[in-house]
Amino acid sequence: MLYRELPIVKGDGETFVPATHPVVEEVPLSVTVNGRHALTAMTSPSMLREFVIGYLYTERIVREPGEIESIRIEGNTASVLTKNPFAILTSHKTVLSGCGGSTSFLDAGRLPAIRSDLTLSPEAIRAATKETLDSDLHRITGGIHLVGLFDGEGKAIRIAEDIGRHNALDRVIGHGLLSGTDFSRTFAVSSGRISSEMVRKCLVANIPVIVSRGATTTAAVEAAEAGGVTIVGFVRSKKMNIYTGWERVRGASPPSAGE
């Protein structure tokens with residue numbers, strides 16, 4: 001269950017009455033890799049296997065799912081064994097459920113570059129954004145982020161829900177790895193702001209386009225320009241802003257000189 005009904009006091013003007021309200025679950029997940037603590041993630045209790053695989057991949061602890069010998073998830077602990085017994089993070093991390101993620105600085109010179117000739121129609125971008133946001137859990141609780149992974153025609157590969165959009169992105173990447181998805185032919189859609197950390201994860205996975213109904217940041221734009229990711233924000237109704245990689249959106253023209 002991704003939410004619980006909790007007792008509240010509901011106010012309406014000057015009137016207050018006892019009631020209940022659905023509240024999303026937030027739980028810690030401690031991950032060990034080859035017997036050593038790797039991270040603690042504050043996350044939603046769903047698709048945990050996909051989350052762990054996606055996180056290990058986007059952090060470059062493993063290069064492919066085949067490097068993972070086993071994943072055992074018991075309660076709030078995930079134990080991972082890899083074929084390389086020395087595969088481990090250089091330092092412990094706590095991945096927060098909020099919008100900050102766990103990375104505050106990206107060295108653009110050390111990021112991989114996108115290898116893809118994917119182009120998308122504006123219609124596919126708009127339809128995928130609408131489908132991603134169509135979440136009963138979000139309507140019930142108002143407290144969840146959503147990330148969708150779509151193919152080049154706008155068909156959903158997987159949509160994931162989590163209290164943190166970075167976690168949700170790791171989940172769909174993990175699902176794609178398990179299903180043998182060619183990420184160069186996909187794009188990601190987020191319900192929330194596009195941060196530099198989300199761009200970094202797309203670069204590692206070779207996802208050429210990331211879309212949001214919301215905003216982006218200057219650091220995300222800089223990382224996207226360096227690595228070749230297309231950022232599309234504020235996708236609402238028939239409108240959208242293309243911040244980088246305009247050539248991947250069919251019919252789009254480059255920004256004017258000096259803009």
Quick one: [atom1] on [X] to [atom2] on [Y], what's the gap to the nearest 0.5 Å?
X: I210; Y: F187; atom1: CD1; atom2: CZ; answer: 11.5 Å
X: R158; Y: R171; atom1: CZ; atom2: CZ; answer: 10.0 Å
X: T217; Y: E197; atom1: OG1; atom2: CD; answer: 11.0 Å
X: L48; Y: T43; atom1: CG; atom2: OG1; answer: 6.5 Å
X: T132; Y: E161; atom1: OG1; atom2: CD; answer: 10.5 Å
X: D182; Y: D151; atom1: CG; atom2: CG; answer: 11.0 Å

Please tell me whether S179 and T181 have a donor and an acceptor in their side chains that are separated by less than 3.5 angstrom.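 Looking only at side-chain atoms, T181 and S179 do form a donor-acceptor pair, the distance falling under 3.5 Å.
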If only atom types and distance count, is the side chain of T141 paired as donor or acceptor with the main-chain N or O of G143 below 3.5 Å?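 Yes: the side chain of T141 pairs with the backbone of G143.
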Quick check: are there more than 12 heavy atoms from other residues, nucleotides or ligands sitting under 6.0 Å from CD of E5?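 Above 12, so yes.
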Would one find more than 12 heavy atoms of other residues, nucleotides or ligands at under 6.0 Å from atom CZ of R4?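 For R4, atom CZ is not crowded (no more than 12 foreign heavy atoms under 6.0 Å).
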Which side-chain N or O atoms in residues 70-81 pair as donor and acceptor under 3.5 Å with protein atoms at least two apart or in another chain?
| from | atom 1 | to | atom 2 | distance (Å) |
| --- | --- | --- | --- | --- |
| R72 | NE | E74 | OE2 | 3.3 |
| N76 | ND2 | P28 | O | 2.8 |

Out of the candidates T129, L133, I144, V147, only one should pair with S191 under the side chain to side chain contact (heavy atoms under 4.5 Å, CB included) rule; please name it.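 Testing S191 for a side chain to side chain contact (heavy atoms under 4.5 Å, CB included) against T129, L133, I144, V147 leaves exactly one candidate, L133.
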Any salt bridge between R165 and D170, counting N to O under 4.0 Å?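 A salt bridge is absent here (no side-chain N lies under 4.0 Å from a carboxylate O).
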Would you say Y55 and K201 make side-chain contact, with heavy atoms under 4.5 Å?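 Side chain of Y55 against side chain of K201, heavy atoms only: contact under 4.5 Å found.
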Hey, what else clusters with V9 if you join Ile, Leu, Val, Met, Phe, Trp, Tyr whenever side-chain heavy atoms sit under 4.5 Å?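 Noted: V9 shares its cluster with F16.
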Take T230 and L118, measure what side-chain contact (heavy atoms from CB on, under 4.5 Å) needs, and give me the verdict at the end. CA-CA 10 Å; T230 296; L118 178 71; over 6 Å; no
